[in-house]
2 protein chains.
Amino acid sequence: MSNMGYPGHMELHEPELRDVPVTTVLAALADDVRLQIVRALAEGGEYACGTFEFGVSKATRSHHLKVLREAGLTRTRVAGTSRYVRLRRDELDRLYPGLLDAVLTAPAGA
Amino acid sequence: MSNMGYPGHMELHEPELRDVPVTTVLAALADDVRLQIVRALAEGGEYACGTFEFGVSKATRSHHLKVLREAGLTRTRVAGTSRYVRLRRDELDRLYPGLLDAVLTAPAGA
DNA sequence: ACCCATGTTCGACATCCGTCGAACAACCTC
DNA sequence: GAGGTTGTTCGACGGATGTCGAACATGGGT
């Protein structure tokens, strides 16, 4: 790519949900840590990345948030040194009606 | 368990859906081959294992069917040397309403 | 300017997962 | 019972994935 020299913020890679394979969406949700993040995000509103302390290092947390973002599940707003994440619930519910609710209302335990 | 010496057919391991972690169910669906199988099964009725010719060896097919069965998604009836598989749609729709429909009606392409 | 706080990226590592061929098991038919 | 059909199990192998610490990048505060 040729747009390397841009000094300021580079845009985050947030694909159109319809361009993401279903298997990618499902795989993104098929992880305990990421599911905890999604559950927290489902409360609504924005959360700074640092909000999610689920017993993993910040490197791992960053990795999981990247997976969610690139699966089209979250949107990220950059503000200073922080990043605020929110669920793309509307688009999700439109393209996969029932999916998110089914996952969220699921029995959390084994 | 003590029912080991039974000579004939041994029962297949088919867990209660509520005992299966959501992540296991989602992971089972997050694979192209298995999704094709589920789509075929969603037509209704029973299908012999050999029905599913999706460009993988029979060892691989057997593996995928095992994953689906142990995730609580399918039920298997043994008849002679064949095994007939069907979707546990009712239970699935009851425990995860909307999940299956969302996945099935999803755009198949990338 | 310096330091600190917030996140990302980079190896590295271990584990899991999909895939296959080959061997095995069960059953049916002739 | 010999052979064929159907399906499972057993290594083995390669690629993907979750995890971490350390280094890096960026922006805010004093």
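Residue numbers begin at 1 in each chain, while the letters A, B, ... track the order of the sequences.
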Please report the distance, rounded to the nearest Å, between NE2 in B:His64 and C1' in D:dG7. 15 Å
Please report the distance, rounded to the nearest Å, between CD in B:Glu53 and P in C:dT19. 14 Å
Which nucleotide in C:dT8, C:dG18, D:dG21 has an atom nearest any side-chain atom of A:Ala59: D:dG21
When the distance from NE2 of B:His63 to P of D:dG11 is rounded to whole Å, what number comes out? 17 Å
Looking at B:Arg61 and B:Phe52, what are the two nearest heavy atoms and their distance? CD-O, 3.2 Å
Interatomic distance, CG@B:Leu29 vs OG1@B:Thr24, rounded to 0.5 Å, equals 11.0 Å
Between B:Arg61 and A:Lys58, name the one whose nearest nucleotide on DNA chain D is closer to the 5' end. B:Arg61
Please state how far atom CZ in A:Phe52 lies from atom C1' in D:dG18, giving the value in whole angstrom units. 18 Å
From the options C:dC28, D:dG21, D:dT8, select the nucleotide whose nearest atom is closest to the side chain of A:Ser57. D:dG21
Return the nearest nucleotide to the side chain of B:Val56; candidates are C:dC20, C:dC28, D:dT26. C:dC20
Could you please name the option among C:dT6, D:dT19, C:dT8 that lies closest to any side-chain atom of A:Arg83? C:dT8
Taking CG from A:Leu29 and P from D:dT17, how many angstroms apart are they, rounded to a whole number? 15 Å
Could you check how far CG of B:Asp32 sits from P of C:dC17, rounded to whole Å? 17 Å
Of A:Arg34 and A:Thr81, the one whose closest DNA chain D nucleotide lies more 5': A:Arg34
Any side-chain heavy-atom pair of A:Val33 and A:Thr60 under 4.5 Å: no
In whole Å, I'd like the distance from the CG atom of B:Asp31 to the C1' atom of D:dT17. 15 Å
Return the value, rounded to whole Å, for the distance between atom CD of B:Glu46 and atom P of D:dT6. 17 Å
Are any non-hydrogen side-chain atoms of A:Thr74 and A:Leu65 less than 4.5 angstrom apart? no
With sugar-phosphate meaning primed atoms plus P, OP1 and OP2, does B:Thr60 contact a base, only sugar-phosphate, or nothing at under 4.0 Å between heavy atoms? base
For the side chain of B:Arg34 and the backbone of B:Ala28, is there at least one donor-acceptor N/O pair under 3.5 Å apart? yes
